[in-house]
A.B. asks: 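Below is a structure I'd like to ask you about.
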Amino acid sequence: MNRFTRRELAAGAVFLGGLAPAVLRAQTRTVLRLGWTSGDGAQDPYAIGAREFKKALEEKVGERVDVQLFPNRAIGDERPLVDGMRLGTVDMGIITNAVIAQIEPAFQLNDLPFLFGSEAQAHRVLDGAVGNDLKQRLERRGIIALGFMEGGFRHMINNIRPITRPEDVRGIKFRVLQSPIFIEMYRSLGGNAVPMAWGETFTAVQQGAIDGLEIPLGVIDQNKYYEVTKYLSLTGHIYSMNGLLISKRSFDRLPADLKAAVNEAAATAVRIERQTIGTLAAGLVRSLAGHGMQVNEVPDKAAFRRAVLPMYENFRGQIGAELVREALAAVQ
């Protein structure tokens, strides 16, 4: 009969029971499990970022690290992933900004509508002092932000009319993220904000329970929203930041050289993911038009910003007055 040590028996039981700690070590190999909630398609921004991180880290350290990828909510929806990282039961996640803001309200800054006028502007702010401040605040919550990836600007799609002026939003029922800022933005513009879980949204549009929603181009394409919505208005109202996050407990368990490699790989992945999403954007607009969507530009985005600017005051206290001042100064 084979004899096993107490440690081997315990390790086997934990693994088979699915109760393994967040960072598993098999001798000298570290396993990092990275989850996100969207698909693993070639143009999915979350998937692109995850694959680039895995590639960059494993190229740096070889077989010392095994980055395991879990798309499609395989290890949880976004909020459970975030809670798991805080507890140390989940290693890593690529998480939508609005969900990060549920545990660290300062991140609501990134969702202020019409704050950023371009991707380059958003990168400059997030990679500078404002971004560092956000990282420090999140680390105090038990999560380390390794970098800020890009989902692309969010745009409005609906079945009522093209959106070219703030007044065009009035009366349209838009599904929004379960976020106070998203809800208040549509109220400020006279629209009807309908908070709704992502899994219910496609059917709700298809059945006419809502008129439309707002999402990045890649998500419209990957989820075939061109099948159920007619108008795509390039409002670019919110820059969609996706955080590449790691549990502080998982990170702290790593030896110093692996910590450095993780940070370097994250920087590489963020850079490549952003470039890829930028390159894909123009092609996605053409593709969506080819699928029958009526696409329009928004000639005067400043009019939208003026319409929503009063709501900035409503969130200044939650975000932090100094942080809002820094961000506004940086985008002038």
A.B. asks: The test is side-chain contact (heavy atoms from CB on, under 4.5 Å); show your working for Ile220 and Met293 and say whether it passes.
C.D. replies: CA-CA 11 Å; Ile220 299 171; Met293 296 195 82; 4.1 Å; yes
A.B. asks: For the side chain of Arg175 and the backbone of Ile210, is there at least one donor-acceptor N/O pair under 3.5 Å apart?
C.D. replies: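 Between the backbone of Ile210 and the side chain of Arg175 there is no qualifying donor-acceptor contact (under 3.5 Å).
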A.B. asks: As a test of understanding, state which of Asn242, Asp44, Asn223 forms a side chain to side chain donor-acceptor pair (under 3.5 Å) with Ser38.
C.D. replies: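 Checked Asn242, Asp44, Asn223 against Ser38; only one passes side chain to side chain donor-acceptor pair (under 3.5 Å): Asp44.
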A.B. asks: Evaluate the side-chain proximity of Val65 to Val262: yes if any heavy-atom separation is below 4.5 Å, no if none is.
C.D. replies: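 A side-chain contact under 4.5 Å is absent here.
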A.B. asks: What is the minimum heavy-atom distance between Leu244 and Ala266, and which atoms define it?
C.D. replies: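 In terms of heavy atoms, the two residues are closest at CD2-CB, 3.7 Å.
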A.B. asks: Would Asp91 and Arg249 count as a salt bridge (charged side-chain N to carboxylate O under 4.0 Å, His left out) here? Give the steps.
C.D. replies: CA-CA 8 Å; Asp91 294 318; Arg249 293 189 181 189; over 6 Å; no
A.B. asks: If you take all heavy atoms of Glu227 and Phe202, which pair is closest and at what distance?
C.D. replies: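 The pair with the smallest heavy-atom distance is OE1-CZ, 4.1 Å.
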A.B. asks: Do the numbers put Lys173 on top of the ring of Tyr186, so that NZ or CZ is under 6.0 Å from the six-membered ring centre and no more than 45° off the axis?
C.D. replies: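 The answer is no; the distance or angle limit is not met.
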A.B. asks: Measure the spacing between CE of Met156 and CD1 of Ile163 and express it to the nearest 0.5 Å.
C.D. replies: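 Reported value, rounded in 0.5 Å steps: 6.5 Å.
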A.B. asks: Kindly give the heavy-atom pair with the smallest separation between Thr201 and Met196, and that separation in Å.
C.D. replies: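 Answer, listing the atom of Thr201 first, then Met196: CA-SD, 3.8 Å.
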A.B. asks: Checking salt bridge (charged side-chain N to carboxylate O under 4.0 Å, His left out) for the pair Glu63/Arg29: CA distance, chi angles, key distance, verdict?
C.D. replies: CA-CA 7 Å; Glu63 293 188 355; Arg29 196 172 202 200; 5.6 Å; no
A.B. asks: Under 3.5 Å, side-chain donor or acceptor atoms of residues 67-80 against the rest of the protein: list the pairs with distances, not counting sequence neighbours.
C.D. replies:
unit_1, atom_1, unit_2, atom_2, d
Gln68, NE2, Asp66, OD2, 3.0
Arg73, NE, Asp77, OD1, 3.2
Glu78, OE1, Thr96, OG1, 3.1
Glu78, OE2, Thr96, N, 2.8
Glu78, OE2, Thr96, OG1, 2.8
Arg79, NE, Asp83, OD1, 2.9
Arg79, NE, Asp83, OD2, 3.3
Arg79, NH1, Gln102, OE1, 3.2

A.B. asks: Do Trp36 and Phe53 have ring centres separated by under 6.0 Å?
C.D. replies: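 No, the ring centres sit 6.0 Å or more apart.
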A.B. asks: Treat each ILVMFWY residue as a node, draw an edge where side-chain heavy atoms are under 4.5 Å apart, and state whether Val298 and Tyr239 are in one component.
C.D. replies: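 As far as the 4.5 Å side-chain criterion goes, Tyr239 and Val298 are connected within one cluster.
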A.B. asks: Arg305 vs Tyr312, test: side-chain contact (heavy atoms from CB on, under 4.5 Å). Steps then yes/no.
C.D. replies: CA-CA 10 Å; Arg305 190 178 189 191; Tyr312 280 36; 4.2 Å; yes
A.B. asks: Determine whether Tyr231 and Val205 fall in the same hydrophobic cluster, where Ile, Leu, Val, Met, Phe, Trp and Tyr are linked whenever their side-chain heavy atoms lie under 4.5 Å apart.
C.D. replies: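 As far as the 4.5 Å side-chain criterion goes, Val205 and Tyr231 are not connected within one cluster.
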A.B. asks: Establish whether Leu177 and Val194 are linked, either directly or via other cluster members, by ILVMFWY side-chain heavy-atom contacts under 4.5 Å.
C.D. replies: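 Different clusters.
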A.B. asks: So, Asp168 side chain and Thr164 main chain: donor-acceptor pair closer than 3.5 Å or not?
C.D. replies: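 It does hold such a pair.
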A.B. asks: More than 12 foreign heavy atoms under 6.0 Å from CD of Glu322: is that the case here?
C.D. replies: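 Check passes, neighbour count above 12.
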A.B. asks: Applying side-chain contact (heavy atoms from CB on, under 4.5 Å), run through Ile95 and Met85 and close with a yes or a no.
C.D. replies: CA-CA 11 Å; Ile95 307 296; Met85 280 185 272; 4.0 Å; yes
A.B. asks: Please report the closest heavy-atom contact between Gln294 and Pro162, naming both atoms and the distance.
C.D. replies: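 Closest pair (atom of Gln294, atom of Pro162, distance): NE2-CG, 3.7 Å.
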A.B. asks: With the 4.5 Å side-chain cut-off for hydrophobic clustering, are Val169 and Leu213 part of the same group?
C.D. replies: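 Val169 does not cluster with Leu213.
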A.B. asks: Any side-chain heavy-atom pair from Leu189 and Arg170 closer than 4.5 angstrom?
C.D. replies: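 No, their side chains stay 4.5 Å or more apart.
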A.B. asks: Is the side chain of Arg165 donor-acceptor paired with the backbone N or O of Pro299 at a distance under 3.5 Å, no angle test?
C.D. replies: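 Checked: no pair found.
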A.B. asks: Grab the two heavy atoms, one from Met311 and one from Pro113, that are nearest each other, plus how far apart they are.
C.D. replies: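 Here Met311 and Pro113 meet closest at SD-CG, 3.8 Å.
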A.B. asks: Is there a donor-acceptor pair closer than 3.5 Å between any side-chain N or O of Glu273 and the backbone N or O of Glu150?
C.D. replies: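 Judged by distance alone, yes, a pair lies under 3.5 Å.
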A.B. asks: Would you say the side chains of Asp211 and Asn159 form a donor-acceptor pair under 3.5 Å?
C.D. replies: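 There is no such pair between these side chains.
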A.B. asks: Would you indicate whether the side-chain heavy atoms of Ile157 and Tyr225 approach each other to under 4.5 Å?
C.D. replies: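 The answer is yes; the side chains approach within 4.5 Å.
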A.B. asks: Heavy-atom distance under 4.5 Å between the side chains of Lys55 and Ile272, does that happen here?
C.D. replies: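 Of all side-chain heavy-atom pairs linking Ile272 with Lys55, none is under 4.5 Å.
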A.B. asks: Below 4.0 angstrom, N of the basic side chain to O of the carboxylate: do Lys60 and Asp257 qualify?
C.D. replies: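 So Lys60 does not pair with Asp257 through a salt bridge.
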A.B. asks: Any side-chain heavy atom of Arg124 within less than 4.5 Å of one from Val331?
C.D. replies: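 No - every pair of side-chain heavy atoms lies 4.5 Å or more apart.
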A.B. asks: Hey, mind stepping through His237 and Arg154 against side-chain contact (heavy atoms from CB on, under 4.5 Å) and telling me if it holds?
C.D. replies: CA-CA 6 Å; His237 50 278; Arg154 303 178 79 91; 3.8 Å; yes
A.B. asks: Can you tell me which residue among Ile94, Leu146, Leu138, Ile144 is in a side-chain contact (heavy atoms from CB on, under 4.5 Å) with Leu245?
C.D. replies: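 For Leu245, the side-chain contact (heavy atoms from CB on, under 4.5 Å) check succeeds only for Leu138.
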A.B. asks: Provide the closest heavy-atom pair for Ala47 versus Gly39 in the form atom of the first, atom of the second, distance.
C.D. replies: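 Nearest pair, atom of Ala47 first, then Gly39: CB-O, 3.6 Å.
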A.B. asks: Is there a donor-acceptor pair under 3.5 Å between the side chain of Ser287 and the backbone N or O of Gly283?
C.D. replies: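 Such a contact is absent between Ser287 side chain and Gly283 backbone.
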A.B. asks: Less than 3.5 Å apart, any donor N or O on the side chain of Ser233 or Asn296 sitting next to an acceptor on the other?
C.D. replies: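 Ser233 vs Asn296: donor-acceptor pair found between side chains.
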A.B. asks: Hydrophobic cluster membership, with links at side-chain heavy-atom distances under 4.5 Å among I/L/V/M/F/W/Y: are Val176 and Phe315 in one?
C.D. replies: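 Yes; tracing contacts between hydrophobic side chains, which count when under 4.5 Å, links both residues.
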A.B. asks: Show, in sequence, the C-alpha distance, side-chain angles and deciding distance for Glu313 and Arg316, and conclude whether the salt bridge (charged side-chain N to carboxylate O under 4.0 Å, His left out) test is met.
C.D. replies: CA-CA 5 Å; Glu313 290 301 319; Arg316 191 178 291 267; 2.9 Å; yes
A.B. asks: Picking from Arg141, Lys135, Arg86, what satisfies salt bridge (charged side-chain N to carboxylate O under 4.0 Å, His left out) with Glu104?
C.D. replies: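 Of the listed residues Arg141, Lys135, Arg86, the salt bridge (charged side-chain N to carboxylate O under 4.0 Å, His left out) partner of Glu104 is Arg141.
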A.B. asks: Answer yes or no: does atom NZ of Lys301 have more than 12 heavy-atom neighbours from other residues, nucleotides or ligands under 6.0 Å?
C.D. replies: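 Enclosed.
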A.B. asks: What orientation do His291 and Tyr226 show, parallel under 30°, tilted 30 to 60°, or perpendicular over 60°?
C.D. replies: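 Ring orientation of His291 relative to Tyr226: parallel.
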A.B. asks: Answer yes or no: is there a donor N or O on one side and an acceptor on the other, between the side chain of Ser250 and the main chain of Ile246, under 3.5 Å?
C.D. replies: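 Such a contact is absent between Ser250 side chain and Ile246 backbone.
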A.B. asks: Do Gln318 and Gln108 touch side chain to side chain, with heavy atoms closer than 4.5 Å?
C.D. replies: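 In contact.
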A.B. asks: Flag the pair Arg33 / Val90 as yes when at least one side-chain heavy-atom distance between them is below 4.5 Å, and no otherwise.
C.D. replies: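 Contact flag for Arg33/Val90 side chains = no.
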